[in-house]
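In the text below, chain A, chain B and the rest are named by the order of the sequence lines, each starting its count at 1.
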There are 2 protein chains.
Amino acid sequence: MKALVVDDDRVLADVIAFTLRREGFEVILAHDGETAWRQWQAGEPNIVVLDVNLPGIDGFEVCRRIREQSDTPIILLTVRGEENDVVYGLDVGADDYVTKPFSPRQLVARARAVLRRVSQTAPQDAMQRAGGLSYDANRRELSTDDGKTHHLSPLEGRLIGYLMLNPNQILTIDTLIDHVWGPDGGDRDMLRQLIHRLRSKIEPDPAEPTYIETISGTGYGLNIPSESD
Amino acid sequence: MKALVVDDDRVLADVIAFTLRREGFEVILAHDGETAWRQWQAGEPNIVVLDVNLPGIDGFEVCRRIREQSDTPIILLTVRGEENDVVYGLDVGADDYVTKPFSPRQLVARARAVLRRVSQTAPQDAMQRAGGLSYDANRRELSTDDGKTHHLSPLEGRLIGYLMLNPNQILTIDTLIDHVWGPDGGDRDMLRQLIHRLRSKIEPDPAEPTYIETISGTGYGLNIPSESD
DNA sequence: CAGGGCCGTGACAGTTGTGTGACAAAAAAC
DNA sequence: GTTTTTTGTCACACAACTGTCACGGCCCTG
């Protein structure tokens, strides 16, 4: 499930992106109309979160162009009190809108509602695979290749989700902390503990980790036996 | 072609009525929820134009009641800026919405579009099936695969109906609250209680739920064993 | 060999989330 | 009007989740 987030306020855009990623979306960012339009053409996303006030091409115009080519759900971000924006936005084809300021949770709920409405099909198959592992982000259940499934806590889920997105790579400690706790949370102790808890659930022998490798002084990596590549 | 127009603003209602009559509709008027409901039961109209803000029973409730018994097309009239109303309105079964202020011509165009769309699709009965469960929304009775039928309360009915619409998926707490109570109602305690009551009716052993699964920190899901229908 | 990072591990407490029963308020049925 | 059903509120126990800390082992450097 791919989402395109467009807002010239980079901080806000990052917050939205973080929230959506945590909910299992793959997020592309853009900070102005032209970029947004190119990004949309490049990899057609499943949903667009679009600020109205943008440098260059404004949100309405982007919305109209997208609507000419596709039914991709579009959620507009408007400033409170600009009711005309909303009316106009829905007129040019937006599916829903959220007025700033809003809570990230609210936005996610809205996004899901729109996706549900537009595509009557199952909204999200948030299933990730990597080697013998498959992770269902909705249920937070991870299946190992020995057929067992383990229920993960929210943080464990975020961690394994990010690792499976970047298998066979070394991810630095700070990168991991950022992705699990966000910009202002988390320290090394917590990550160490989280890795420990995850290992104890998914490693056949936690003392000799198969999946999660430690690179001392740097970070961790998820080892996936390379199939015939 | 009979139309029921409901709006507490008598002037506006008259304008709409006039326009629709000019377009060949036979129009019945109502200015509050109770009257609307009675009028609808009296002579079942072909289409309903329904203001959201009504004295007494509000538009959502009228919409829901009508939807329980029939597929009659419903167009909601919402005030611009009340974006929640739109989302919730479509959720409880409205077919389309028009934001005030609007031009009568616009309303007529929408009405025709909806009528065209609805008449194409076959009417659906109010019976839902999912795995061993079957739910009759009219009688609000749910049958489990062990042959027992349980009478559900209105809220329980809405909850199970929504779960059965999205089986084998995890629905977030907020999504469920939105769907059962609407944009401004309901909190987590109430949902917890409702889940509890529903479980105690349909689960063979409420301590070990078969159907309704809990994902701590996220929400709930209806588990249906995938078998051949 | 000593000391200092770094890491794995276990234990523990604080916080939050969840299931459950009881009860009152409200609504609906009679 | 009364009675029954339905719904909201609250309290409490228990479970899940997370953060913190301490200890011991390993590797490296001096």
Side-chain angles (χ1 to χ4, degrees), chain A residues 22 105 139-142 150-160 170-174 176-177 179-182 184-221, chain B residues 33-34 37 56-58 61 64-65 68 139-142 150-160 170-174 176-177 179-182 184-221:
Chain A
R22 201 176 54 193
R105 171 182 293 176
R139 279 166 224 276
R140 289 206 310 270
E141 270 177 5
L142 184 122
H150 310 265
H151 179 73
L152 305 185
S153 82
L155 288 186
E156 289 161 2
R158 271 188 243 166
L159 178 58
I160 194 66
I170 306 308
L171 301 169
T172 68
I173 292 177
D174 291 334
L176 289 172
I177 290 176
H179 270 83
V180 175
W181 282 273
D184 299 321
D187 56 32
R188 292 168 179 236
D189 269 2
M190 286 152 65
L191 178 61
R192 215 148 39 94
Q193 192 58 22
L194 190 62
I195 289 274
H196 173 54
R197 281 169 177 148
L198 188 53
R199 274 179 175 154
S200 70
K201 284 191 181 174
I202 71 171
E203 299 282 1
D205 175 15
E208 287 291 327
T210 313
Y211 296 114
I212 302 178
E213 179 191 6
T214 303
I215 288 81
S216 186
T218 309
Y220 298 88
Chain B
E34 285 82 2
W37 177 236
I57 314 174
D58 74 356
E61 182 56 29
R64 191 182 301 119
R65 289 194 192 176
E68 278 178 5
R139 301 178 175 284
R140 284 211 310 274
E141 273 179 0
L142 182 115
H150 309 264
H151 177 72
L152 303 186
S153 80
L155 288 185
E156 288 162 2
R158 264 186 250 165
L159 179 57
I160 194 65
I170 304 308
L171 302 168
T172 67
I173 293 175
D174 292 330
L176 290 171
I177 290 176
H179 194 84
V180 174
W181 282 275
D184 301 318
D187 56 30
R188 287 159 186 246
D189 270 3
M190 287 152 65
L191 178 61
R192 213 148 38 95
Q193 193 59 23
L194 190 62
I195 289 274
H196 175 56
R197 283 169 177 148
L198 189 53
R199 272 181 177 154
S200 69
K201 285 190 182 176
I202 70 171
E203 298 281 1
D205 175 14
E208 287 291 328
T210 313
Y211 295 114
I212 302 179
E213 175 191 10
T214 303
I215 285 78
S216 181
T218 306
Y220 298 88

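The side chain of A:Y220 sits closest to C:dC7 out of C:dC23, C:dT18, C:dC7. Here C:dG10 is the nucleotide among C:dG10, C:dG8, C:dT18 with the atom lying nearest to any side-chain atom of A:Q193. In the set D:dA22, D:dG8, D:dT18, D:dT18 carries the atom at the smallest distance from any side-chain atom of A:R197. Picking from D:dT20, C:dC7, D:dG8 the nucleotide with the shortest atom distance to the side chain of A:S216 gives C:dC7. Distances from the side chain of A:L155 to the nucleotides D:dT7, D:dG19, C:dT18 place D:dG19 closest. Here the side chain of B:H196 is nearest to one of C:dT9, D:dC17, C:dT20, namely C:dT20.
In this structure, B:R199 reaches the C:dG19 phosphate: one of its side-chain N or O atoms is under 4.0 Å from OP1 or OP2. At least one side-chain nitrogen or oxygen of A:W181 sits closer than 4.0 Å to the OP1 or OP2 atom of D:dG19.
Put simply, CD on A:Q193 and CG on A:D187 are 11.0 Å apart, with the number rounded to the nearest 0.5 Å.
In this structure, B:L191 reaches neither bases nor backbone, as no heavy-atom distance under 4.0 Å exists between it and the strands shown. Residue-level contact check: A:T214 touches the backbone only, with heavy atoms under 4.0 Å from sugar-phosphate atoms and none from bases.
A heavy-atom distance below 4.5 Å is found between the side chains of B:E213 and A:R139.
Paired with B:Y220 under the rule side-chain contact (heavy atoms from CB on, under 4.5 Å), one option of B:L171, B:I215, B:I195, B:L198 passes, and it is B:I195.
Not a single donor-acceptor pair, N or O on each side, falls under 3.5 Å between the base of C:dG19 and the side chain of B:R188.
The residue among A:H151 and A:R192 whose nearest nucleotide of DNA chain D lies closer to the 5′ end is A:H151.
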